[in-house]
Amino acid sequence: MTPFSEKVIQIIASIPAGKVLTYGAIATAAGNPRAARQVVRLLHSSTVKYDLPWHRVINSQGRIALKDATAVCEQEAMLAAEGIHPGPRGRINLKQYLWTEVLSPH
DNA sequence: CTGGTGACTTATC
DNA sequence: AGATAAGCCACCA
């Protein structure tokens, strides 16, 4: 377990319901702006072990990064259940839903 | 060790 | 807005 991993896990675990975070944002907050892919890997791994809100993590486009339409639909449903309503084509308004508390040190 | 791959990102066109 | 390309980094065969 590297410090980066712990931070990523901690950040993801602290995302409040109704908010989302992008892979890049998490990577940056964890100290590695280039580690978006590692965030993905960690998230995928840790989701199985821990109980992380993986559905609140999306890509920089404000879009669900999954490829399987079925899984995307499921994630959309989970987000909707938390008050996040994507646009007509599945686009999420980052300006409104992006969680900035952890990105901007208060 | 080498090469392929990915729930990514940014830059161009 | 959608498609392509290149960059980046850890993990696995």
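Chain letters run A, B, ... following the sequence lines, proteins first, then strands; residues in each count from 1.
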ask   = With a non-hydrogen cut-off below 4.0 angstrom, is A:R37 in contact with a base, only sugar-phosphate, or nothing?
value = base
remark   = Distance col, row A:L43:CG vs A:W54:CH2, nearest 0.5 angstrom, shows 9.0 Å
query = So, the side chain of A:S5 versus the backbone of A:M1: is there a donor-acceptor pair under 3.5 Å, distance only?
reply = no
Do any side-chain atoms of residues 20-41 of chain A form donor-acceptor pairs under 3.5 angstrom with protein atoms, and if so which ones, sequence neighbours left out?
unit_1, atom_1, unit_2, atom_2, d
A:T22, OG1, A:A25, N, 3.1
A:T28, OG1, A:G24, O, 2.8

query = Roughly, in whole Å, what's the span from NZ in A:K67 to P in B:dT5?
reply = 11 Å
request  = Using a strict 4.0 Å threshold on nitrogen-to-oxygen distance, state whether A:K19 and A:E101 make a salt bridge.
outcome  = no
request  = Considering only heavy atoms of chain A and a distance under 4.0 Å, specify the first and last nucleotide of DNA chain C in 5' to 3' order that meet this criterion.
outcome  = C:dA1 to C:dC11
query = For the side chain of A:R41, counting heavy atoms from C-beta on, which of B:dA7, B:dT9, B:dT5 is nearest?
reply = B:dT5
Enumerate, atom names and distances included, each donor-acceptor pair closer than 3.5 Å involving a side-chain atom of residues 84-94 of chain A, sequence neighbours excluded.
unit_1, atom_1, unit_2, atom_2, d
A:R91, NH1, A:Q61, O, 3.4
A:N93, OD1, A:K95, N, 3.0
A:N93, OD1, A:Q96, N, 3.4

Nearest-Å distance for atom pair CZ/C1', residues A:R63 and B:dT9 = 17 Å
ask   = So, A:H55 versus A:E74: side-chain donor-acceptor pair below 3.5 Å or not?
value = no
key: Length of the line joining A:L94:CG and B:dT9:P, which is rounded to integer Å   = 10 Å
Derivation and outcome, side chain to side chain contact (heavy atoms under 4.5 Å, CB included), residues A:I15 and A:V57 = CA-CA 9 Å; A:I15 304 176; A:V57 184; 4.2 Å; yes
task = Take the protein atom CG of A:N59 and the nucleotide atom P of B:dG6, then report the distance between them rounded to whole Å.
result = 16 Å
query = Mapping A:R91 and A:Q38 to their closest nucleotides on DNA chain C, which lands nearer the 5' end?
reply = A:R91
key: Between C1' of B:dG6 and CG of A:L42, the distance in whole Å   = 13 Å
inquiry  = Judged by each residue's nearest nucleotide on DNA chain B, which is more toward the 5′ side, A:Q61 or A:L66?
reply    = A:L66
key: Side-chain N,O (A:S60) to OP1/OP2 (B:dC8) below 4.0 Å   = no
ask   = With sugar-phosphate meaning primed atoms plus P, OP1 and OP2, does A:R89 contact a base, only sugar-phosphate, or nothing at under 4.0 Å between heavy atoms?
value = sugar-phosphate
